[in-house]
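Counting starts at 1 for both ligands and their atoms, in listed order. Any value given below was found using the heavy atoms of this structure, including those in side chains, with hydrogens, waters and symmetry copies removed. What you are looking at is a predicted structure, and each value in this text was computed from that prediction instead of being measured.
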Amino acid sequence: MRLAPAKTNLFLEVLGRRDDGFHELDTVFAALALADELELEPLGEGRIELAVEGGGGLVPADPGNLAWRAAEALRAAAGRPELGARILLRKRIPAGGGLGGGSSDAAAVLAGLDAAWGLGLPGERLWEVAAGLGSDVPFFLQAGLQRGLGRGELLEPLPAPAAELDLVLLFPGFPCPTPEVYRGMAPYYPGVSGPAEPRELLEGLALGDPDAVAAGLWNRLELPAFARWPRLVELRDLLLEQPGVLGALLSGSGSTLFAVARTADDAARVATDLSRRGLPALATRTAMRGLTSAGFAP
Ligand code: C5P
């Protein structure tokens, strides 16, 4: 069994729009303990089979799934079209929510089938295949805590933080399509004050100080997303009102919001209280120092 962790972005600055239509980012990715599970098995004759458990019918079990495309891209990169695989995907990460679930599944397939097929491709080749599948996929090859530049695919590992963070995830129940959020960025690029910097966040992480981390949270994509979906502002404010919550932010391009809680008990209580009010929420932790379950190969 292989774990495919979710991520959030503790910091995300959009530096500008590029000629290729993508946006230039400066972001801090953090892996989460919340993870999908995959079982991978080699098959012959170039057959790929995918079964999906969970995911509420939102996750396709066909070649449209990024996990399937990852298997195809890997065997193409290795020049081995005869390789096949059976992939069982147990979804735990909500789809379409800014938590990188599909990207993480794809990276788990790349690393897992590289091993199961005995390819042993060099890390740079895996990175290239990952970057071809999506901007967030390369992060998940190592996961943990990394700074992402370019589209998010140019990665630099960050020093292990002094402590993990206790988080509450809140799911608004509607999707925020990523391209639409980026299209709304036009009025919101860093102005004369210049781009935000993750200095305070990184100091807070190094010290294991959740108050400093909360003060250093930043996501430029909140501006277009909050303008387009005002409900997100209400839900962010609701998170901030909860006792034990130190800060709250949109996760990636949304729609998931996350809060940094002072303790694991605070996170659990807030998640329970919100869920009782009909607002789907769950408590989790970061996995910035790596997931420690068998099968996850950092
Ligand atoms: O790379 P990925 O397929 O995840 O990107 C999905 C969409 O998100 C892109 O088509 C683009 O509209 C937007 N995007 C962007 N700049 C990035 C990453 C994503 O504009 N750095």
Side-chain angles (χ1 to χ4, degrees), residues 4-32 36 55 58-60 62-74 76-77 89 91 93-110 126-143 146-156 174-190 195-198 218-229 232 249-256:
K7 63 84 182 162
T8 192
N9 304 75
L10 299 174
F11 176 92
L12 193 161
E13 180 58 297
V14 182
L15 301 171
R17 190 171 176 280
R18 316 188 327 184
D19 290 342
D20 64 4
F22 283 91
H23 291 74
E24 197 68 13
L25 303 184
D26 179 3
T27 188
V28 175
F29 289 108
L32 305 185
D36 290 341
L58 292 171
V59 182
D62 62 29
N65 190 305
L66 203 58
W68 185 305
R69 302 210 321 259
E72 289 180 333
L74 182 68
L89 173 55
K91 287 303 292 182
I93 307 170
L99 295 171
S103 299
S104 187
D105 297 342
V109 166
L110 292 181
L126 283 182
W127 177 88
E128 277 171 24
V129 178
L133 290 165
S135 305
D136 288 348
V137 182
F139 164 73
F140 291 106
L141 291 174
Q142 307 291 329
Q146 299 183 61
R147 187 136 174 201
L149 302 174
R151 286 188 286 131
E153 89 285 27
L154 304 176
L155 295 159
E156 182 189 307
F174 55 86
C176 299
T178 302
E180 192 175 338
V181 175
Y182 276 101
R183 271 200 304 276
M185 262 302 300
Y188 302 115
Y189 291 116
E197 303 266 353
W218 171 253
N219 183 354
R220 179 76 62 179
L221 294 176
E222 282 190 336
L223 281 80
F226 285 1
R228 168 74 180 76
W229 293 280
L232 293 174
L249 198 73
L250 186 71
S251 184
S253 61
S255 62
T256 304

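Counting heavy atoms from C-beta outward, Leu249 and Glu222 have side chains that approach closer than 4.5 Å. Contact check for Leu12 versus Trp218: no side-chain heavy atoms found under the 4.5 Å cut-off.
At a 3.5 angstrom cut-off on N or O pairs, His23 counts as close to ligand 1.
Looking at atom 3 (O) of ligand 1, its nearest protein heavy atom turns out to be Gly134 CA, 4.2 Å. Shortest contact from atom 18 (C) of ligand 1 to any protein heavy atom: Ser135 OG, 3.6 Å. Protein heavy atom at the shortest distance from atom 19 (C) of ligand 1 is Tyr182 CE1, 3.7 Å. Among protein heavy atoms, atom 6 (C) of ligand 1 sits closest to Thr178 CG2, 4.4 Å.
Close contacts between ligand 1 and Arg151 involve ligand atoms 1 (O), 21 (N) [criterion: under 4.0 Å to a heavy atom]. Close contacts between ligand 1 and Leu25 involve ligand atoms 21 (N) [criterion: under 4.0 Å to a heavy atom].
Once rounded to the nearest 0.5 Å, the distance linking NZ of Lys91 with CG of Leu89 reads 5.5 Å.
One side chain, Thr8 or Ser251, offers a donor N or O that lies under 3.5 Å from an acceptor on the other.
Remark: distances from the non-hydrogen atoms of Asp136 to ligand 1 are all 4.0 Å or more. Taking a 4.0 Å cut-off on heavy atoms, Ser253 fails to register as neighbouring ligand 1.
Both the backbone and the side chain of Phe22 come within 4.0 Å of ligand 1, counting heavy atoms alone.
Salt bridge Arg151/Asp20: absent, no basic N to carboxylate O contact under 4.0 Å. Of the charged side-chain nitrogens involved, at least one lies within less than 4.0 Å of a carboxylate oxygen, so that Arg18 and Glu24 count as a salt-bridged pair.
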